[in-house]
Number of protein chains: 2
Amino acid sequence: MSVNSARKPREVRCETKDTQTRLLNAAEALFIDAGYAGMSARGIADRACVNIAAMAYHFGSKQGLLEAVLIRRIAPINTSRRRRLEAVHERRAESIRAILHAFLWPVFFNEHEAPARRLMGRVMTEPAEVIEPLLNLGFSDVIEQFVVAAAACFPKQDRALIVQKFSFVVGALNLTVLRPSEHIFGPAPAAEVSFDRLLNFSVDGFQQWPSLSDVNKDMA
Amino acid sequence: MSVNSARKPREVRCETKDTQTRLLNAAEALFIDAGYAGMSARGIADRACVNIAAMAYHFGSKQGLLEAVLIRRIAPINTSRRRRLEAVHERRAESIRAILHAFLWPVFFNEHEAPARRLMGRVMTEPAEVIEPLLNLGFSDVIEQFVVAAAACFPKQDRALIVQKFSFVVGALNLTVLRPSEHIFGPAPAAEVSFDRLLNFSVDGFQQWPSLSDVNKDMA
DNA sequence: CTTGTATTTAAACGATCGTTTGAACTTAAT
DNA sequence: ATTAAGTTCAAACGATCGTTTAAATACAAG
């Protein structure tokens, strides 16, 4: 019988980047898989091939490391979203499709596609107390801007309705990129396919209701 | 200055129900707020006004208690979903609206509305390793049945497309019931309002695409 | 009251948690 | 070679983790 190491035997060699980057990558992977409470400082250090004290030295604390992880990936996505929304406004092409396109595109297509996607999905579903201090780093602003833009497309709809429709889009996006259970929804389609489907689904859902009266009459 | 107890001072008296129910209620509340890794056995026992050993005595382990929590709330919802889908089939009224209505209704309107809703939202976003053993307790089956029913409504669409559209509905549902951040989407509307909006949004999103060609031509 | 089963309890188990310490080591400028 | 700043290290800190043990208690049946 073979002897196993104390923790999970890492099948891959450690990365060759600097310590801070190795810590960021390791924390990112473990946060995506297990959430904040489920990832341990020692697990991060092990995966990064770094002494556990390096975390406090470079990032102050586990929470500080998570903040750095999120800023590295989420901030560029939100910046891209803002830029694209501005471009839509400059072109005077404020359709709901163009707006949702600007919102969704940077999540699916960016420098570090898969990790950034899954990070985005995980961070939105974490318990409030862990994430809430991070949301004021530019997250609420982006949502607000897009809600305003979307509301301008439907002047006759309540703002509260627009907000909730947008939350539906965010929810669908979250589950798509987080992909919590292969056993339920099967293997993930390619990013281009998922993006197209999600955009079409969201655009259709955002339209005015086709008929407001037949809501309550087809259920027992 | 006043003296505080060791842990969070509970502002409310302990419930008067039996030990098992108190444990279930306490674990449910903490799981919704903090997830599985974030809830502690001692925190549960404290909130339930129960000795910590009672957890192992009545439920075997922390995982066993969580399973009991989920079965208590999720199983009735899935049973109700199945019943309503059967009723739709018996009435030969298999519209996508009726099918999605049968899927969504039991989440919003059931015996223990708010706790069951939020539990449903949390369990779908938990890390895989914690939840996956529970999904084979009837969860995947329900999704599968509804996907089949939905696919029958759109015979010309790929099954993979139907599956992903359904995942969009589940994602939107999750974020709606979980409501992770009041700061982003504001206060939650009444259950009836959220249900109507989510149903309409989902039904519209499920329709055939209005035009498949203008997808790639309105972005720079 | 006595017996036997079911439940609750205080206490402790070893393990792991996030964090801190101070020395050892590396690196580059003097 | 010497200094100083930057970085990594083994080791330990107290706290909390989930679980277990065995004694104490509650309670119905005989």
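Taking the six-membered ring for Trp and thresholds of 30 and 60 degrees, W105(A) and H101(A) have nearly parallel ring planes, at less than 30 degrees apart.
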Side chain to side chain contact (heavy atoms under 4.5 Å, CB included) assessment of F201(A) paired with V169(B): CA-CA 10 Å; F201(A) 186 90; V169(B) 176; 3.8 Å; yes
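Residue S40(A) has its side chain nearest to dG18(C) when only dT19(D), dG18(C), dC9(D) are considered. Picking from dT20(C), dA12(D), dA10(C) the nucleotide with the shortest atom distance to the side chain of A53(B) gives dA10(C).
The environment of H183(B) atom NE2 is sparse: at most 12 non-hydrogen atoms of other residues, nucleotides or ligands sit within 6.0 angstrom.
Going from atom CD of E67(B) over to atom P of dG18(D) covers 16 Å, rounded to whole Å. Taking atom CG on L30(A) and atom C1' on dC17(C), their separation rounds to 15 Å, with Å as the unit. We find that CD1 of I52(A) is positioned 8 Å from P of dC17(C), with the value rounded to whole Å.
Contacts with DNA chain C (heavy atom under 4.0 Å) in residues 55-65 of chain A: M55(A), A56(A), S61(A), K62(A), listed by number.
Salt-bridge check for R83(A) with E90(A): failed, with every basic side-chain N at 4.0 Å or more from each acidic carboxylate O.
Under the ring pair (Phe, Tyr, Trp, His ring centres under 6.0 Å) criterion, F108(B) pairs with F195(B), not counting sequence neighbours.
Side-chain contact, R81(B) with N78(B): a donor N or O sits under 3.5 Å from an acceptor N or O.
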